[in-house]
Novice: 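Okay, here's the structure, questions in a sec.
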Amino acid sequence: MKKICLLAAAVSVFALNANANDWGMHKLVRPYIGADYVYSHAKHGNYAKHAKKDYSSWKVNLGMDIAKYTSVEAFFQQSGERKSHEEPNQIKSEYYAWGLDLYGKMPIMCSGFNLLGSLGLADYNVKYKFKPQGSIDKQRMGYRAGIGFSYDFTHNVSMRVMGRYAYVGMKSLDHIMEMTAGLSYAF
């Protein structure tokens, strides 16, 4: 179901762009695609308190400028597996997330730099593997807020750097703080 929703969002972005000329909105509505590197620091608790706290992730995003300074973005993020070496309970942990963010942009003079702010919702899926006992999978919706900046190299290519706080609210994973850096291409 999740893949179907993500595919439907992707198709609607391209369909809306194809009809943008008919609506007279060709300068406002622009789809874009991007990729980010994400460094995350997680606050684990309960049975996962000895899990590693730092993760490296990749993130792909598909978005659309819906107004001059506003955009909506769907994303998928996958972390690498981290292993703690504390005896006797070794824990392997990883997570993935997908969701939707709303971005606001404010240009800084005519320099190509923009201040960014974001608010969003994401579905966080965490997996813990305990060496002697087994594994546990947990899922929960989380709230996200971020701030950062972007730089437009050309009309189509830009880069951005964001700091983000995500409240998940699980006993095993309370919150995640992230730093992201990536590139995007607007059509």
Side-chain angles (χ1 to χ4, degrees), residues 2 5-6 8-10 12-17 20 23 25-44 53-79 95-126 139-170 173-187:
K2 295 175 191 175
C5 291
L6 190 58
S12 67
V13 166
F14 291 112
L16 188 57
N17 189 48
W23 295 348
M25 298 175 59
H26 63 279
K27 292 185 180 180
L28 296 179
V29 178
R30 288 185 346 150
Y32 63 88
I33 189 166
D36 294 333
Y37 166 78
V38 183
Y39 174 79
S40 305
H41 182 79
K43 171 74 166 108
H44 296 289
K53 299 187 181 338
D54 57 327
Y55 295 88
S56 291
S57 308
W58 57 269
K59 182 172 92 168
V60 292
N61 49 62
L62 183 65
M64 181 171 36
D65 294 336
I66 57 173
K68 190 170 184 179
Y69 301 115
T70 309
S71 60
V72 175
E73 181 177 293
F75 71 91
F76 178 80
Q77 178 179 340
Q78 174 71 53
S79 77
Y95 75 93
Y96 71 88
W98 63 276
L100 195 65
D101 288 327
L102 178 67
Y103 281 85
K105 176 169 63 169
M106 185 175 80
I108 302 173
M109 299 192 289
C110 295
S111 63
F113 281 98
N114 303 293
L115 289 177
L116 297 175
S118 71
L119 293 173
L121 286 173
D123 182 24
Y124 288 91
N125 297 273
V126 185
Q139 172 193 3
R140 184 151 181 182
M141 289 296 287
Y143 306 100
R144 302 158 46 94
I147 190 164
F149 72 91
S150 68
Y151 180 75
D152 300 327
F153 294 111
T154 66
H155 183 64
N156 296 38
V157 179
S158 64
M159 62 84 65
R160 72 176 173 198
V161 174
M162 295 280 297
R164 182 173 287 114
Y165 176 83
Y167 175 73
V168 182
M170 287 189 256
L173 179 63
D174 184 60
H175 65 269
I176 300 173
M177 296 186 312
E178 301 176 340
M179 287 298 297
T180 66
L183 294 171
S184 67
Y185 180 81
F187 298 96

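Everything numeric in this text was worked out from a predicted model, so none of it was measured.
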Novice: With sequence neighbours excluded, tell me which residues meet salt bridge (Lys or Arg N to Asp or Glu O under 4.0 Å) with Asp152.
Specialist: none

Novice: Kindly determine whether Phe153 and Met159 satisfy side-chain contact (heavy atoms from CB on, under 4.5 Å), including the steps that lead there.
Specialist: CA-CA 8 Å; Phe153 294 111; Met159 62 84 65; 3.5 Å; yes

Novice: Taking only residues two or more places apart in sequence or in another chain, which ones pass side chain to side chain donor-acceptor pair (under 3.5 Å) with Ser40?
Specialist: Tyr95

Novice: Using the test side chain to side chain donor-acceptor pair (under 3.5 Å), find all partners of Tyr185 that sit at least two apart in sequence or belong to another chain.
Specialist: Asn156

Novice: Going by distance alone, is a donor N or O of one side chain under 3.5 Å from an acceptor N or O of the other, for Thr180 and Tyr37?
Specialist: no

Novice: Under a 3.5 Å distance rule, please check whether Thr70 uses its side chain to pair with a backbone N or O of Ala67 as donor and acceptor.
Specialist: no

Novice: Mind checking what makes salt bridge (Lys or Arg N to Asp or Glu O under 4.0 Å) contact with Arg164, not counting sequence neighbours?
Specialist: Glu178

Novice: Would you please name every residue forming a side chain to side chain donor-acceptor pair (under 3.5 Å) with Ser184, sequence neighbours left out?
Specialist: Ser158

Novice: Should the pair Asp174-Lys43 be classified as a salt bridge under the 4.0 Å nitrogen-to-oxygen rule?
Specialist: no

Novice: I'd like to know whether Ile176 forms a side-chain contact (heavy atoms from CB on, under 4.5 Å) with His41, so could you lay out the CA-CA distance, the side-chain angles of the two residues, the decisive distance to 0.1 Å, and finally the verdict.
Specialist: CA-CA 6 Å; Ile176 300 173; His41 182 79; over 6 Å; no

Novice: Give a yes or no on whether the ring-centroid distance for Trp58 and Phe76 is below 6.0 angstrom.
Specialist: yes

Novice: Which pairs, with at least one residue in residues 95-116 and sequence neighbours excluded, count as a salt bridge (Lys or Arg N to Asp or Glu O under 4.0 Å)?
Specialist: Asp101-Arg144

